[in-house]
Amino acid sequence: MTVNPKAALLAPVVVLLAACGPTAKAIDPPQPGQPPYALLAGAEDFYVNPDNPAAKWVRTAPPGPRTDAIRTRIATRPAATLIAEPAATAPERVRAVVTAAAAVRKLPILLLDADRAGACADGGARWFGEVARGLRDDRALVVVRGRHCEAGDAAHALAAAAHATVLLDVSDAASPEIAAQRVAASGPDVDGFATDVGGYTPERAALATSRAISRALAASTGKRDYTAVIDSSRNAEPVSGACNPAGARIGSYESLSDDGAPQQLWLTVPGISDGPCGSASSSRAGDFVPDLAAALAQR
């Protein structure tokens, strides 16, 4: 089996995370050749960004049951921090997040949206290089979203941040085989893939797709240690439509495994609008909509 060279580099952060916080579980020291997904499974304390959109809203919201539900079920849960700033300011934003996470011995999740940053005109290498400059030597789980960027160039640029685990977003792939081709073609600097980013695919179907991609990767590359992550932020219930659909509920915010099964993490902050549609017809894409968040947070 081909061993991802970043696995050993992730080891120190997982040991630290397992030692802090009342809910963290003890894990054995990483063994030589241990795959990245096994190390992530020990990192129960992912970073909660106090400036996530839900938390910022809660700070100024009127007291009441709706605010309490958004605070306890969304704002204080670990989720990816969206990075979509231009190249001039992206390093500063990234640096602020990873430094704050390191200070409390937590693992940050970053969703790098190069398309929204307008960074793909030159393939994206410059923008991702600036992001890597912000990451420096700090640990992070990084999801690359850039449908119009050269994924291989982006991953190679991010390789300068040697302690980051880099996943390619393949949510828009037409089939598991095509997703696997994209991951494999991105080269050795990609550690795995993410699926259903910003989506609503129910857990069982999302797990099946992710496993199919892993099988296709194993068949085409011989590697079985790719890290697979599903965005579980809004997938607890089946829904009709993919743009602020009614009836959606938050999914498991941290379901981790050390046996190669897909990991489930929030790569979207619940309550972020998909655009002027569905249950938030007057909103803009990317807005935090309290009514959406409250509906998602219902039990």
Side-chain angles (χ1 to χ4, degrees), residues 14 17-18 21-27 35-49 52-55 58 68-82 101 106-111 140-143 145 165 167 169-171 192-214 226-240 242 244-272 274 288 292-299:
V14 177
L17 289 171
T23 62
K25 64 181 178 183
I27 59 171
Y37 58 73
L39 297 171
L40 283 177
E44 284 198 348
D45 281 338
F46 286 88
Y47 179 60
V48 178
N49 190 336
N52 72 64
V58 163
D68 291 342
I70 293 173
R71 177 189 295 108
T72 58
R73 305 207 70 205
I74 296 177
T76 55
R77 303 296 191 186
T81 296
L82 175 66
K106 303 292 178 73
L107 184 65
I109 309 170
L110 303 179
L111 177 62
L141 178 61
V142 175
V143 179
R145 188 171 224 193
T165 297
L167 309 181
D169 175 15
V170 293
S171 303
F193 59 91
T195 55
D196 206 38
V197 179
Y200 298 87
T201 304
E203 180 178 330
R204 182 175 296 181
L207 286 168
T209 297
S210 185
R211 290 184 175 120
I213 296 170
S214 292
Y226 282 105
T227 299
V229 172
I230 295 168
D231 183 355
S232 58
S233 57
R234 305 184 290 187
N235 73 347
E237 297 290 340
V239 294
S240 297
N244 303 323
R249 298 290 184 269
I250 57 174
S252 173
Y253 69 88
E254 199 174 284
S255 180
L256 304 173
S257 169
D258 60 2
D259 62 1
Q263 318 290 341
Q264 297 187 64
L265 296 168
W266 284 9
L267 303 181
T268 307
V269 176
I272 293 293
D274 300 315
F288 179 78
L292 273 181
L296 284 160
Q298 290 180 21
R299 296 188 182 276

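Hydrogens, waters and symmetry mates are skipped; everything else that's a heavy atom, side chains included, is used. Everything numeric in this text was worked out from a predicted model, so none of it was measured.
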| task | Apply side chain to side chain contact (heavy atoms under 4.5 Å, CB included) to the pair Thr195 and Val170, showing each step before the final yes or no. | result | CA-CA 6 Å; Thr195 55; Val170 293; 3.9 Å; yes

| query | Heavy-atom distance under 4.5 Å between the side chains of Pro262 and Arg211, does that happen here? | reply | yes

| Side-chain donor or acceptor of Thr227 paired with backbone N/O of Gly192 under 3.5 Å | no

| request: Report yes or no: does Thr81 contribute a side-chain atom to a donor-acceptor pair with the main-chain N or O of Leu110 at less than 3.5 Å? | output: no

| message | With side chain to side chain contact (heavy atoms under 4.5 Å, CB included) as the criterion, how do Tyr253 and Ser233 come out once you've worked through the C-alpha distance, each side chain's angles and the decisive distance to 0.1 Å? | response | CA-CA 6 Å; Tyr253 69 88; Ser233 57; over 6 Å; no

| task | Check step by step if side chain to side chain contact (heavy atoms under 4.5 Å, CB included) holds for Ile70 and Phe288. | result | CA-CA 12 Å; Ile70 293 173; Phe288 179 78; 4.2 Å; yes

| Out of Val239, Asp274, Val269, which one pairs with Arg234 under the side chain to side chain contact (heavy atoms under 4.5 Å, CB included) rule? | Asp274

| So, does Asp169 use its side chain to make a donor-acceptor pair with the main chain of Val143 at under 3.5 Å? | no

| Passes side chain to side chain contact (heavy atoms under 4.5 Å, CB included), Leu207 versus Gln264? Steps please. | CA-CA 9 Å; Leu207 286 168; Gln264 297 187 64; 4.1 Å; yes

| request: For the pair Arg145 (side chain) and Val197 (backbone), establish whether a donor and an acceptor sit closer than 3.5 Å, ignoring hydrogens and angles. | output: yes

| Test item: Asn235 and Pro202 side chains (from C-beta on) under 4.5 Å apart, heavy atoms | no

| Do the non-hydrogen side-chain atoms of Val229 and Ile109 ever get within less than 4.5 Å of each other? | no

